[in-house]
Amino acid sequence: MGALDQYFLDHGRMGLISLDSDRRVDICIGKLVSELSKGSVAIEALPVLIGLDDVLDDIAGGRQSELLLPRVTIQAGYLAGKTLSMQIMPAEAPKSVQILIRDESELAELEQGVLQHRNELALANEALAEARARAEEALRQKASFLANISHDLKTPLQVIIGNAEILRGDLSKEERDEFLEDVLDNSNFLLALITDLLDASALEANQLALTEEAIDIGSLLERIVSMARQIPDGMQRHFELEVDERSPLIMADPMRLRRILLNLVSNAVKFTDVGGRIVLRAEPKAAGEFIVEVKDDGCGIEPAMMQHVFEPFTSAGSQDGTGLGLHISKSLADLHQANLSLSSEPGVGTTARLCLPKARVVKAPS
């Protein structure tokens with residue numbers, strides 16, 4: 001036995017025991033096995049030997065040269081909790097075996113730590129790749145948004161400037177009124193566009209505060225339908241209003257709630273063909289919430305797009321726009337502790353559902 005082996009024996013890193021023909025401890029060498037007493041039953045200290053009687057007999061009888069048991073964690077006895085490797089070999093005494101035991105607990109713990117760190121590194125790399133992909137997608141969306149917004153700003157401005165130049169000339173009243181109407185329409189479009197941008201910026205910076213009051217939801221929906229019928233495409237759609245007679249007053253910011261619902265109705269108009277049907281429904285639920293739905297029979301939204309409809313700079317389908325409308329509506333709904341969801345089936349239609357919490361139901365109708 002070399003000096004290194006002797007060092008391991010003296011410092012509890014290795015031990016050597018001999019078992020007699022009855023599989024009792026006959027010899028113990030090394031600090032690791034120092035608590036084993038001569039004559040003790042081996043399986044009490046090394047339960048891993050249970051069931052190996054035939055193998056031990058074969059080794060003791062010379063019918064098998066040895067048995068290696070790598071990395072065995074002991075569950076009971078004074079060695080419990082240690083990770084050991086064992087080499088079982090024939091002993092000099094007849095029908096006896098000797099077991100060389102090495103304590104590999106520290107190495108096993110180190111390897112486990114390395115494996116854990118490797119797994120953590122792999123997870124971190126995966127998270128980093130996902131974050132990079134999200135950042136690249138966000139940059140792509142913003143680049144696309146800037147390109148679209150530049151076009152959306154430039155086009156009405158060109159119309160306004162061009163009409164202003166024409167209006168400086170000698171025109172009849174009818175011609176002047178027509179050009180002024182174009183200027184007004186494009187100015188209103190620009191105002192709506194800038195309002196979307198300002199609201200999206202304020203929402204992202206958490207700088208938008210609500211000014212709340214009790215709202216008659218039926219009156220609000222009637223006003224929204226009236227407004228929707230006045231927009232050019234809205235004149236060619238059929239609107240239906242279904243408001244439950246039990247509808248209560250709702251505590252909300254009237255301007256922001258109108259913005260949510262008008263965005264939903266405008267989207268329904270945009271994606272519904274001429275002559276299509278748009279239904280606005282409002283009713284209380286048994287659990288105390290209040291539901292407002294906007295349902296259309298338009299083209300619907302493809303499943304791949306559904307998971308992105310509330311993201312900024314996303315426009316469902318091929319329709320023009322900044323892609324901020326639903327994002328703003330969802331953010332405003334969140335400010336009201338309300339849930340805004342969409343369900344859709346391509347070719348059948350889309351339903352937008354705003355669920356206001358029970359806490360916002362302030363008064364039942366008399």
Side-chain angles (χ1 to χ4, degrees), residues 184-185 188-189 191-192 195-196 199 208 210-298 319 321 324-344 349-366:
L184 183 60
D185 287 344
N188 286 331
F189 175 81
L191 179 60
T195 300
D196 273 354
D199 281 354
L208 197 62
L210 299 179
T211 303
E212 301 182 17
E213 62 183 66
I215 301 171
D216 183 338
I217 199 74
S219 298
L220 177 60
L221 290 176
E222 288 176 1
R223 174 62 179 153
I224 287 173
V225 170
S226 177
M227 294 171 67
R229 283 174 173 153
Q230 293 176 25
I231 62 178
D233 289 341
M235 298 176 184
Q236 300 173 311
R237 311 296 188 268
H238 297 294
F239 292 91
E240 297 179 17
L241 184 57
E242 301 175 2
V243 180
D244 194 293
E245 295 179 355
R246 301 167 297 160
S247 294
L249 298 179
I250 301 297
M251 182 61 69
D253 184 320
M255 184 174 68
R256 307 303 181 189
L257 184 57
R258 184 178 67 179
R259 180 75 179 282
I260 295 171
L261 298 174
L262 191 56
N263 277 349
L264 299 181
V265 174
S266 297
N267 260 18
V269 169
K270 185 187 300 184
F271 294 102
T272 303
D273 293 334
V274 172
R277 177 170 170 262
I278 298 171
V279 180
L280 282 72
R281 180 181 296 111
E283 59 182 353
K285 290 298 182 182
E289 300 97 343
F290 191 81
I291 305 297
V292 182
E293 288 185 345
V294 179
K295 183 177 182 179
D296 66 63
D297 58 4
Q319 298 288 336
L324 289 173
L326 284 177
H327 171 67
I328 291 173
S329 294
K330 182 69 167 68
S331 299
L332 291 175
D334 291 343
L335 280 180
H336 284 84
Q337 300 85 43
N339 180 56
L340 177 60
S341 60
L342 259 67
S343 59
S344 186
T350 301
T351 298
R353 192 170 193 258
L354 178 67
C355 180
L356 292 153
K358 182 178 180 181
R360 293 202 167 270
V361 179
V362 295
K363 182 182 178 183
S366 56

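Hydrogens, waters and symmetry mates are skipped; everything else that's a heavy atom, side chains included, is used. Fair warning: this is a prediction, and the values are worked out from it, not measured in the lab. Residue numbers count from 1 along this sequence.
Within the model, atoms CG of L264 and CG of L326 stand 6.5 Å from one another, a figure rounded to the nearest 0.5 Å. In this structure, H238 NE2 and R229 CZ are separated by 10.5 Å, a value rounded to the nearest 0.5 Å. Between atom CD1 of residue I250 and atom CG of residue L257 there is a gap of 8.5 Å, rounded to the nearest 0.5 Å. Distance OG/S247 to CG/L221: 8.5 Å, rounded to 0.5 Å. The distance from atom CZ of R256 to atom CG of L210, rounded to the nearest 0.5 Å, is 7.5 Å. The CE atom of M255 lies 12.5 Å from the CG atom of L262; values are rounded to the nearest 0.5 Å.
Taking I291 as the reference, K285, E293, R353, C355 meet the side-chain contact (heavy atoms from CB on, under 4.5 Å) condition, with sequence neighbours excluded. Applying the salt bridge (charged side-chain N to carboxylate O under 4.0 Å, His left out) test to R277 and every residue at least two apart in sequence or in another chain returns E240.
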Side chain to side chain contact (heavy atoms under 4.5 Å, CB included) between T350 and K295: does it pass, once the steps are laid out? CA-CA 6 Å; T350 301; K295 183 177 182 179; over 6 Å; no
Give the intermediate values and the outcome of side chain to side chain contact (heavy atoms under 4.5 Å, CB included) for residues T272 and D297. CA-CA 6 Å; T272 303; D297 58 4; 3.5 Å; yes
Begin from the C-alpha positions of L354 and N339 and carry the test side chain to side chain contact (heavy atoms under 4.5 Å, CB included) through to its verdict. CA-CA 6 Å; L354 178 67; N339 180 56; over 6 Å; no
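Heavy-atom contacts from other residues, nucleotides or ligands closer than 6.0 Å to CG of D185 number more than 12.
In terms of heavy atoms, D253 sits closest to I215 at C-CD1, 4.1 Å. Residue R258 comes nearest to M227 through the heavy atom pair CD-SD, 4.3 Å, listed as atom of the first residue, atom of the second, then distance. Here the closest heavy-atom approach between residue I278 and residue R237 is recorded as CD1-CB, 4.2 Å. Closest non-hydrogen pair, L342 versus A352, comes out as CD1-CB, 3.9 Å. Looking at every heavy atom in both residues, R360 comes nearest to Q337 through NH2-OE1, 2.9 Å. Annotation for I260 and A333: closest pair CD1-N, 3.6 Å, computed over non-hydrogen atoms.
When atom types are taken as modelled, the side chain of S344 and the backbone of T351 share no donor-acceptor pair closer than 3.5 angstrom. With hydrogens and angles ignored, the 3.5 Å screen pairs a side-chain donor or acceptor of S329 with a backbone N or O of G325. The closest donor-acceptor contact from the side chain of D244 to the backbone of A282 lies at 3.5 Å or more, if one exists at all.
Partner of F239 under the side-chain contact (heavy atoms from CB on, under 4.5 Å) criterion, chosen from V279, V265, I224: V265.
With salt bridges taken as basic N to acidic carboxylate O contacts below 4.0 Å, one links R259 and D199.
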